[in-house]
Structures are given as structure tokens and as C-alpha cells.
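Below is one structure, written out as C-alpha cells; comments come after it.
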Protein chains: 2
Amino acid sequence: MNIYDIAKLADVSIATVSRVVNNSPKVSARTKEKVLAIMKENEYTPNAFARGLGLGTMKTVGIICPDISDIYMAKAVSYLESNLHDHGYDCILGCSGFKQKEKESYVKLLLSKKIDTLILVGSTYAGSGKDEADTDYIREAAEQASVFMINAKVAGDNIYCTYADDFQATYEVTKAYLRRGKEKILFMYDSESFSARQKLAGYEAALQDAGYPVLGNLKFKTKNDIEYTKNMLLEYNKVLDFDSVLATDDGIAAGAVKYAKIKGLSIPEELSITGYNNSILALCSDPELTSVDSKLGVMCRKTVERMIELLENEAQIEKNVCVPCEIVRRCTTDY
Amino acid sequence: MNIYDIAKLADVSIATVSRVVNNSPKVSARTKEKVLAIMKENEYTPNAFARGLGLGTMKTVGIICPDISDIYMAKAVSYLESNLHDHGYDCILGCSGFKQKEKESYVKLLLSKKIDTLILVGSTYAGSGKDEADTDYIREAAEQASVFMINAKVAGDNIYCTYADDFQATYEVTKAYLRRGKEKILFMYDSESFSARQKLAGYEAALQDAGYPVLGNLKFKTKNDIEYTKNMLLEYNKVLDFDSVLATDDGIAAGAVKYAKIKGLSIPEELSITGYNNSILALCSDPELTSVDSKLGVMCRKTVERMIELLENEAQIEKNVCVPCEIVRRCTTDY
DNA sequence: TTGTATGCGTTATCAG
DNA sequence: CTGATAACGCATACAA
């Protein structure tokens, strides 16, 4: 059942049917009603491909994240999908993993599907920070469709970024630790992503501003995995000496909690722990984790808001938006 | 840059270009090479909409789940996306929530996008089990595209289901509890979905087969929320008497662990706890949860495998596939 | 092996 | 307000 069939049944031209479908104002109430009735009766739905071909858009946005089974990314996609759906856009989802080649090919793939806009979720898409060429594929993509990045900052035309103020957050946590007399703060991270770099910088700045040295052996790389982190700490605590942990993810912090339990350390007295992302892991841990909430919901909303502005009104929108974090205090700290 | 431009530059017809793009065998090596070179040089990508219009497909499958921020669904989507990507299909994702109206309208929406196939992730799409009409919209959808359901069983033409053998799993857990002398097993659930019904049935059957009564006050409805569940148990433990918990989700089980901690009950001696889905919550809890692994990876693989068989080879495929669960024993039980 | 011509189902531009 | 008709970009049956 296509537009011709409906036109024939309604005894009008396809142009009129099209107008009714797109409810153009210039069609008489009577005609409109008649066509509408026939459409309903025959359950007519316009062919999306033809529509896309004519209009040059199917109102879909591509969302790429490294791994949707990650709690944080899943939440981001959830917010994005919801906001986009409210505005009549659909999401086509791609999970690229963390390898450069895969990221590039996934971006190309979605672009070839003629998405209206591309959203890149995750710090990993900002590259290592060492080589500007890492992000060339994003600037290239931005020539075909606007690119919005969440939790990453990349310079380039038609690239819009929204990220948490991780520097500020870790700066404050570190300062709070120092105030409580915690001077051997272990910074635990699992990648050198944009976000991780901001967090590290905040931690280091707070130490320096307070006149403390930044010790290399207090920066500890692990995996975002409870068991792995626990074991790493058990292994390294023989040579390491620390009284508090600042982790770049709740999964890491949860591992630190497990470690403390095994070592019989009291939390937060003997070991204070701060996690990140304020995820369900923070609530599942025992004691519950103090965690930095990076305001993902706000970031996603601001992203979609600007995107719609750009798409619908071709408005000038902010290129870079930085969202302040919130430190959610629970039982693993006493600052 | 479209197919005409390439044809002109390569000095061939658009038919030849099209053949090269779809690498048809009937094109000379020399011509093919020439066209390929021009295509690369000009970074030509066929217009997906036009392609879709001509072919009637854009090789996309629709995935609908109630809530992608749920760990379980996120994992399912992760598996599905990965498998589908391997076969050259893209995913368009929709999060419908749990309301009937929303589910129906989301299904219609994706269908109108001319997806090749629809995947419904989650037990909720099987309806309450009380009214067959609840699932009419699925049968209706199946007239337009094949529908694959994960963790739900719905009868109908062109509907294919894959689900875990939850009956078997809870039957075994219950039997194991009874063997260890646990006779007051609290069954905790958060919905009346297809899956929850299977789990309840397995629990009841095991009790009955062992000659125990099925007590109404040992079936406890809660939310899949740690804090909520903990508080509910603290409230109700005054009137309830139980020595073990069989929860339909790890989130519920984690709440039971928190409850036990507050009441000072030793786990698993005074209170044994079994969770479900073997999620990260099982590993984050302390002690770590014994949990039923519903083999989501296997379910997703079997779903996509059959789907591809149907799509590419129009083969006859199994309508209903039941996957056995695995009980992963950890520290909250001693059976 | 290659080219021509047509169909796919819309939207949009012009006339009327 | 309505209708005829030309794009939109590709795939393919049919000719050559």
C-alpha cells in the first residue's frame, strides 16, 4: 500500500496525500479528513526509505560507545535515547570497542547510513592526548555530520563537546583528604583517556597547591574490575603505603573496599575510599561508597538540547560545555 | 558525489558502477579496477536511502528493551549488537519502558522504519500471562517483520523465542536448599513477567515434590533495588520467618545481604541467599552472591544465528529455544 | 561484458 | 486549494 493507492482510493492526487501526511496547512479540511480516513482504514505508513531519499534524512542519530555493557555507557545511552525519542529521533547504536581501527571504521559505517548526527560516548574517543592525529577521524567525520562528544574534548569544526569538570572534582576530593590528614592518597585509574587525564591533573594540582609532592608510586594503573583491583592491591601493598584511595571508577573503588576487608583495615579510618560515577556499585558495596557523580544525565540533556537546536533551527550553539560534578558522600570517607 | 558522477569519471555506465559496488562477478577485472580507483579517489559511498528504496532493506534490525540502563538488558544488547555487526547488520535501539501503550507504540515506530527484523529483549514483552490480548501487538508486528524474543515465549506466526530454563534453575536451587535443611525459603520477585512466572513455578514444584507446603507469605514482591529491598525486609522480618532467600535478580539478593548485615545474621549459616543473572552485583556484594547465570550470551547468539539463517537463507528455523541455566556457587550459600 | 531504461515511494516545484 | 511532474540515487531486467 503506497501513496498512489491511497490517492486513488481517496480520489485525489499523490501530492495531496503527501500534504496530508506531512500535515501541510494548505489542504482543505474536507479533503484532509477524507484522506486521513482512507489512510487509517488501510493502515498506510509512508515508506521510510523513499521519504529518506526525498528528504535526505530519516531522523536518526548514530550513537557510538566502546561498550554498552558498561554501566556508565549504558546509562548514557539510556538518557540519550530518551531525550532523542522525545524529539522524534531514532538511535542507531554501535559498540566500537577501544581499538583505534575499530573506532574509525565504526564511525565510517554509521556515517554511511546517513545519520543526521553522530554522538560519541566516552573519553576514549578523545585519543591518548599524545598524538593529535588520533582524533583526525573525528574531524573528518564532522565534515559529513555534526559530531557530539560526551566526556571528551576534541577541537574541530562541527564538533561539539560536553564533559564533566573532573579536574574540579578530584581537586576537591584531594583537598578534602588532605584536610582530614590523609597525605598518602593513592590515585587509581584504568586508562589514559581524556577524562582520566583531567582527574589526574586535579589530583596533582591539589597536592601541589597544598605543598605536597606528587609521588609517582602513588599513581596506580589497574583495570575497572573489582577482583583484579583487589588482587593488585594485595600484591602491591607490600611495597606501597597509602591511607586513602581516589579511584576513577566505582568498580575500582569497590575493589579497594574488598582489599580493605581482607587486610582488616577499618573504613574510612584506616583507609578512605572515593569512587567515581556514582553507580549502582557505590550502593552495592559495603560500606557504601562515597562517589563523584559526573552528572551524566545533565550532560546528555545538554547534548541533545544543543543538537536539536542545531538540527531544527540551525542555531548557533555552544561548542564546549563543562558540567560541574557533585561529590556524593557516603560511608567510605569522613571528609 | 553519486553513482552518475562516478560513472562519468570512469567513463562507464551507472550499471557498471553499481555492479562494482555490489561486486558482481560479471564485470571485467580491468573495468572493475578502474572504477574502484575512481571510487576510492572520490571517497564515494552509495546513498543508503536510495539503496534501501531499491532493495527494500537497509540491513538494520530493531532492538527494543524496556530500559537499557538495566545491567541485564545492557548486556543483552551488547551481545546482540556484536553478533549482528559480525553479520553486517546495524541496530536501531528503542527503550520502551514497561507500559503496555508505550511498548505498542515503540514497536510500531520501529516497524515504520522498515527494519528487517525486530528483537524484543525482556520478559515484560510476554505480557502478564493473564490476558492473551496483551501480546496481540506482537503477532500484529510479526506480519510485517520477523519478531525474535529474548526471555519470553509468545505463540504466533513468524515469532521466534529464546529463553532461559528458569523453571529448572529455581527447581534445583530450591531442592538444594531443602537438602541443606533450609525449609523456609523466601521467594523474592519484582514482577509477574514470563520469566518470573517460570521461576516461581520451579520453586513451587520443588517444594511440592519434596512434600512441603507452598506458603503464600513466603512469596515476597519487592523492587529490583538494593535499598528498597533491604528496607522492606527490615520492615517485614517482624512477621516473617525465613532461613533462605531465592531472589529473581541480583539487585534483590544484594538487598537481602544488606539486610542480613544489619540484623547480624551470618551468611550463609543463618541466612542463605541466591541471586539471579550473575551480574556484577554478585561480585560486588560482600559476601559474593551465589547466582543463577541465565546464559544470556548463549541466548543472544542463538537468536542472531537463527535470524541470519532466516534472513539470508530463508531457512526453516527453530521457533522456540530453551537454554539451560548454570548455578554459580559463591559465598552466600553452602549447598 | 557493458549500456539503456525503468521502477522503488516519496517530496517539492510549478502551474492552474 | 489541487494536480502533474521532476527530482532523489540506486538496482536490475532486458538489450546489445
Side-chain angles (χ1 to χ4, degrees), chain A residues 1-39 42-60 88 90 111-116 144-145 311-312, chain B residues 1-39 42-60 88 90 109 111-116 144-145 312:
Chain A
M1 181 76 29
N2 61 26
I3 201 170
Y4 287 94
D5 300 325
I6 300 295
K8 201 163 295 174
L9 288 172
D11 201 34
V12 296
S13 72
I14 61 163
T16 299
V17 177
S18 178
R19 289 194 189 96
V20 172
V21 166
N22 301 289
N23 64 66
S24 149
K26 33 191 187 171
V27 49
S28 77
R30 238 173 49 74
T31 314
K32 182 172 179 176
E33 209 170 332
K34 181 174 60 177
V35 174
L36 238 28
I38 303 253
M39 277 177 29
N42 297 68
E43 293 181 334
Y44 166 70
T45 326
N47 181 297
F49 299 149
R51 204 151 205 263
L53 186 55
L55 255 29
T57 165
M58 261 177 66
K59 294 199 78 164
T60 53
D90 287 317
L111 245 25
S112 81
K113 295 269 169 169
K114 296 213 125 348
I115 50 177
D116 292 325
Q144 305 209 37
L311 251 27
E312 319 267 86
Chain B
M1 182 78 26
N2 61 26
I3 200 170
Y4 288 94
D5 300 323
I6 300 295
K8 200 162 295 173
L9 289 172
D11 200 37
V12 295
S13 73
I14 62 161
T16 299
V17 176
S18 177
R19 291 192 188 96
V20 171
V21 166
N22 300 288
N23 64 67
S24 149
K26 33 190 188 173
V27 49
S28 78
R30 238 175 50 74
T31 314
K32 184 172 179 177
E33 210 169 331
K34 181 174 59 177
V35 174
L36 239 27
I38 304 254
M39 277 174 34
N42 296 70
E43 293 181 336
Y44 167 68
T45 326
N47 181 297
F49 300 149
R51 205 151 206 269
L53 185 56
L55 255 31
T57 165
M58 261 178 63
K59 295 200 73 161
T60 53
D90 287 317
L109 177 62
L111 245 26
S112 81
K113 296 269 170 167
K114 297 214 121 354
I115 51 177
D116 292 326
Q144 305 208 38
E312 319 267 85

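We name chains A, B, ... by the order of the sequence lines, and we start the count at 1 in each one. For the numbers below, each heavy atom of this structure counts, side chains included, while hydrogens, waters and symmetry mates do not.
Look at Tyr44(A) and you won't find any side-chain N or O under 4.0 angstrom from OP1 or OP2 of dG9(C). The phosphate of dG9(C) has neither OP1 nor OP2 within less than 4.0 Å of any side-chain N or O from Arg51(A).
Across all non-hydrogen atoms, the minimal contact from Ile6(B) to Met1(B) is CD1-SD, 3.7 Å. The shortest non-hydrogen separation linking Glu312(B) to Lys59(B) is OE1-NZ, 4.2 Å. Residues Ser112(B) and Leu109(B) come closest through the heavy atom pair OG-O, 2.6 Å.
Here the NZ-OG distance, from Lys34(B) to Ser28(B), works out to 8.0 Å after rounding to the nearest 0.5 Å. The distance from the CE atom of Met58(B) to the NZ atom of Lys114(A) is 10.0 Å, given to the nearest 0.5 Å. Note: Asp116(A) CG to Asp90(A) CG = 10.5 Å, rounded to the nearest 0.5 Å. Expressed to the nearest 0.5 Å, how far NZ of Lys26(B) lies from OG1 of Thr16(B) amounts to 11.5 Å. For the atom pair OG of Ser13(B) and CD1 of Ile3(B), the computed distance is 8.5 Å after rounding to the nearest 0.5 Å.
With hydrogens and angles disregarded, no donor-acceptor distance shorter than 3.5 Å links the side chain of Asp5(B) to the backbone of Lys8(B).
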Which atom pairs, donor and acceptor, lie under 3.5 Å between side-chain atoms of residues 42-54 of chain A and protein residues at least two apart or in another chain?
residue, atom, partner, partner atom, Å
Asn47(A), OD1, Phe49(A), N, 2.8
Asn47(A), OD1, Ala50(A), N, 2.9
Arg51(A), NH2, Asn22(A), OD1, 2.4

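Using five terminal pairs a side, the axes of the helix from dT1(C)-dA16(D) to dG16(C)-dC1(D) at its two ends make an angle of 40°, given in steps of 10 degrees.
In summary, of the residues considered (Ile38(B), Val27(B), Val17(B)), a side-chain contact (heavy atoms from CB on, under 4.5 Å) with Val12(B) occurs for Val17(B) alone.
Following rounding to the nearest Å, Ile6(A) (CD1) and dT11(C) (P) show an atom-to-atom distance of 13 Å. Whole-Å rounding puts the Asn47(A) CG to dG9(C) C1' distance at 6 Å.
Along DNA chain D, the nucleotide nearest to Lys32(A) and the one nearest to Val17(B) differ in position, and the one closer to the 5' end is contacted by Lys32(A).
Across all strands, Leu53(A) comes closer than 4.0 Å to base atoms (heavy-atom distances).
Contact check of residues 20-29 of chain B against DNA chain C (heavy atom, cut-off under 4.0 Å) returns Lys26(B), Val27(B), Ser28(B).
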Check nucleotides 3-7 of chain C for protein N or O atoms closer than 3.5 Å to its own N or O atoms and list the pairs.
residue, atom, partner, partner atom, Å
dG3(C), OP2, Ser13(B), N, 2.9
dG3(C), OP2, Ser13(B), OG, 3.3
dG3(C), OP2, Thr16(B), OG1, 2.8
dG3(C), N7, Arg19(B), NH2, 3.4
dG3(C), O6, Arg19(B), NH2, 2.4

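Not counting sequence neighbours, the partners of Ala145(B) by the side-chain contact (heavy atoms from CB on, under 4.5 Å) test are Leu111(B).
For DNA chain D, the outermost nucleotides in 5' to 3' order that have an atom under 4.0 Å from a heavy atom of chain B are dG9(D) to dA13(D).
Side chains of Val21(B) and Met39(B) form a contact here, defined as non-hydrogen atoms less than 4.5 Å apart.
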